[in-house]
Amino acid sequence: MISSVSILGSTGSIGRQSIAAASHLGIPVKALAANRKIEMVEQQARRLRPEFVAIYDETAANDLRIKLADTDIKVAGGMEGLIEAAAGHAECVVTAVSGSVGLKPTLAAIDAKKRIALANKETLVCAGDIVMPRAAQMGAEIVPVDSEHSAIFQCLMGRKKGELKQILLTGSGGPFRGKSRAELRDVTPEQAVKHPNWSMGAKISVDSATMMNKGLEFIEAMHLFGVTPDDIQVVVHPQSIIHSMVELIDGTVIAQLGVPDMGLPIQLAMTYPERSQSPFERLDFWNMKDMTFEAPDYEKTPCLKLAMDCARAGGTAPCVMSAANEVAVSLFLQHRIGYNDIYDSALAAVESIEIIKEPDLEAILAADEAARIFVREHFS
């Protein structure tokens with residue numbers, strides 16, 4: 001079990017659950033980082049007494065510095081603050097910030113040889129070809145926090161790589177499973193964030209509704225487990241009891257089951273390779289409803305298909321798609337574009353922005369910014 005933790009994205013759903021897991025396990029929280037919700041961060045800081053707090057928004061960082069002036073907690077702002085929170089202070093860093101802003105702090109944590117409890121999909125979606133080799137080179141440990149990737153990680157424990165035939169990546173299908181694009185034209189943000197099984201933040205809830213989230217997870221799984229797109233099969237499993245599976249070369253399928261609660265994979269990322277008692281609900285087989293499985297309908301989930309196409313294209317294609325989607329979802333949540341415009345925005349960005357086949361970090365960040373500008377200029 002880790003001896004201390006830093007939590008990036010402490011005000012979000014994963015961040016708050018990470019704090020709860022650390023408190024349950026008795027692990028000190030040495031650093032916190034967030035974007036700008038300084039009232040919540042102040043409450044967290046006064047309760048947890050970390051050494052360091054980073055606020056990405058510089059103005060908000062100055063405000064928090066004043067609020068915490070009566071404490072000995074150091075407050076920093078901007079990307080430099082996030083990097084310090086990730087690279088210093090603690091043995092493990094939970095990367096739960098949203099979007100590509102998590103990339104540089106994750107690389108800094110890798111260079112500092114931290115354990116990374118990875119909850120930021122965009123880090124590997126945008127730069128998996130840089131991040132994973134760097135982690136291997138530095139000896140940094142990456143333990144996935146996403147429920148699906150944690151499930152795959154657990155199913156592969158003790159297995160040799162040559163034993164894996166394919167990854168079976170499950171997803172609930174979201175609140176609009178089976179509906180056509182025409183039926184979804186007038187979906188509101190309030191409807192899209194109501195996931196049938198999981199309690200999550202607004203952005204990831206919308207991504208789950210469009211199934212872009214499953215597409216991002218598809219790309220992330222490629223990098224985490226060193227497989228090709230042809231080695232991953234998406235399986236729609238509406239009940240969210242099986243969190244993912246692996247098929248081995250002899251035909252054996254190993255699955256990880258549990259209640260749909262992110263607290264479980266978060267705790268495992270902190271205790272691995274050990275397991276500890278948890279306060280979470282147990283799976284009750286006697287009261288479980290039937291478990292069903294479906295193949296994805298790509299015509300009704302074009303975001304998933306787009307992500308899989310970008311995975312095969314490689315280079316900066318996944319980064320452009322992810323950044324465009326992030327901006328589009330933000331505009332949708334502000335009621336500035338329609339639900340179907342999310343896919344249209346991401347597709348247009350991928351088709352319009354030059355794809356670099358073997359990008360360095362600078363080219364990845366440039367592609368990310370170009371996609372954001374494109375969507376704001378053409379769709380907002």
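Annotation: side-chain hydrogen bond (donor to acceptor under 3.5 Å, both in side chains) contacts involving residues 263-274, sequence neighbours excluded, are absent.
Between Y339 and F176, the ring-plane angle classifies as perpendicular under the 30° and 60° cut-offs.
In this structure the side chain of R177 never reaches within 4.5 angstrom of the side chain of T301, judged on heavy atoms. M1 is listed as a side-chain neighbour of L25, based on a closest heavy-atom distance under 4.5 Å. Residues V246 and V253 are not in side-chain contact: their nearest non-hydrogen atoms beyond the backbone lie 4.5 Å or more apart. Side-chain atoms of I241 and M288, non-hydrogen and from C-beta on, do get closer than 4.5 Å to each other. Contact of the V5 side chain with the S18 side chain is not registered, since no non-hydrogen atoms from C-beta on lie closer than 4.5 Å. Between Y298 and L304 there is a side-chain heavy-atom pair separated by less than 4.5 Å. S172 places none of its side-chain heavy atoms less than 4.5 Å from the side chain of V236. In this structure the side chain of M321 never reaches within 4.5 angstrom of the side chain of L347, judged on heavy atoms.
Under a 4.0 Å N-O distance rule, the pair D57/K37 does not qualify as a salt bridge. With respect to E183 and K300, no salt bridge is recorded, no charged nitrogen being found less than 4.0 Å from a carboxylate O. By the 4.0 Å N-to-carboxylate-O rule, K203 lies close enough to E122 to be salt-bridged with it. Between K121 and D207 there is no salt bridge, since no side-chain N of the basic residue sits under 4.0 Å from a carboxylate O of the acidic one. E141 has a carboxylate O that lies under 4.0 Å from a charged side-chain N of R115, or vice versa, which qualifies the two as a salt bridge. Ionic pairing of R372 and E326 is present here: one or more N-O contacts between side-chain nitrogen and carboxylate oxygen are shorter than 4.0 angstrom. Ion pairing of D129 with R134 is absent here, as no side-chain N (NZ or NE/NH1/NH2) approaches a carboxylate O to less than 4.0 Å. For K194 and E190, the salt-bridge test fails: no basic side-chain N is under 4.0 Å from an acidic carboxylate O. Remark: E163 does not engage K160 in a salt bridge, criterion side-chain N to carboxylate O under 4.0 Å.
A86 and A109 make their closest contact through O-CB, 3.7 Å (heavy atoms, listed as atom of the first residue, atom of the second, distance). Nearest heavy atoms, F218 versus V234: CD1-CG2, 4.0 Å. Smallest separation of non-hydrogen atoms from V75 and A61: CG1-O, 3.7 Å. Contact record, R47 with I19: NH2-CG2, 3.9 Å, taken as the closest heavy-atom pair. Annotation for T170 and E148: closest pair O-CG, 3.5 Å, computed over non-hydrogen atoms. Across every non-hydrogen atom of P260 and H243, the tightest pair is CA-CE1, 4.1 Å.
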Apply the test salt bridge (Lys or Arg N to Asp or Glu O under 4.0 Å) to residues E39 and K67: give CA-CA distance (whole Å), side-chain angles for both, the deciding distance (0.1 Å), then the verdict. CA-CA 9 Å; E39 291 79 11; K67 288 178 178 291; 5.2 Å; no
Working note: I254 + M245, criterion side chain to side chain contact (heavy atoms under 4.5 Å, CB included); need CA distance, chi angles, decisive distance, verdict. CA-CA 6 Å; I254 301 175; M245 302 171 277; over 6 Å; no
Decide side chain to side chain contact (heavy atoms under 4.5 Å, CB included) for N35 and T11; before the verdict, give the C-alpha distance in whole Å, the side-chain angles of both, and the deciding distance to 0.1 Å. CA-CA 8 Å; N35 186 11; T11 60; over 6 Å; no
Test log, rule side chain to side chain contact (heavy atoms under 4.5 Å, CB included), inputs I337 and V375: CA-CA 11 Å; I337 65 173; V375 174; 5.9 Å; no
Full working for side chain to side chain contact (heavy atoms under 4.5 Å, CB included) between E42 and L64: CA-CA 7 Å; E42 181 186 4; L64 183 63; 3.9 Å; yes
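In terms of hydrophobic clustering, with Ile, Leu, Val, Met, Phe, Trp and Tyr side chains grouped at heavy-atom distances under 4.5 Å, I356 and L103 are assigned to different clusters. Hydrophobic cluster membership differs between M40 and I55, with clusters built from Ile, Leu, Val, Met, Phe, Trp and Tyr side chains linked at under 4.5 angstrom.
Every residue two or more places apart in sequence or in another chain was checked for a ring-ring contact (aromatic ring centres under 6.0 Å, His included) with F379, and none qualifies. The ring-ring contact (aromatic ring centres under 6.0 Å, His included) check on H89 picks up F52, with sequence neighbours excluded. Scored by the ring-ring contact (aromatic ring centres under 6.0 Å, His included) test, F280 finds no partners at all (sequence neighbours excluded). Applying the ring-ring contact (aromatic ring centres under 6.0 Å, His included) rule to F374 yields the partners H378; only residues at least two apart in sequence or on another chain are considered. Remark: D309 engages K305 in a salt bridge (charged side-chain N to carboxylate O under 4.0 Å, His left out) (not counting sequence neighbours).
In this structure, a donor-acceptor pair under 3.5 Å is absent between the side chains of T292 and D290. Residues S345 and R376 have side chains that never bring a donor and an acceptor to within less than 3.5 angstrom of each other. When only modelled atom types and interatomic distance are considered, S3 and E91 share a side-chain donor-acceptor pair under 3.5 Å. Judged by distance alone, the side chains of N62 and T59 never bring a donor and an acceptor atom under 3.5 Å apart. Between the side chains of T228 and D231, a donor-acceptor pair is found at a separation under 3.5 Å.
Annotation: the span from I116 atom CD1 to L118 atom CG amounts to 7.5 Å, rounded to 0.5 Å.
Of the possible polar contacts, none joining the E369 side chain to the A366 backbone as a donor-acceptor pair under 3.5 Å is found. A donor-acceptor pair under 3.5 Å is absent between the side-chain atoms of T316 and the main chain of A367, judged by distance alone.
The 12-atom threshold is exceeded at CD of Q334, counting heavy atoms of other residues, nucleotides or ligands nearer than 6.0 Å.
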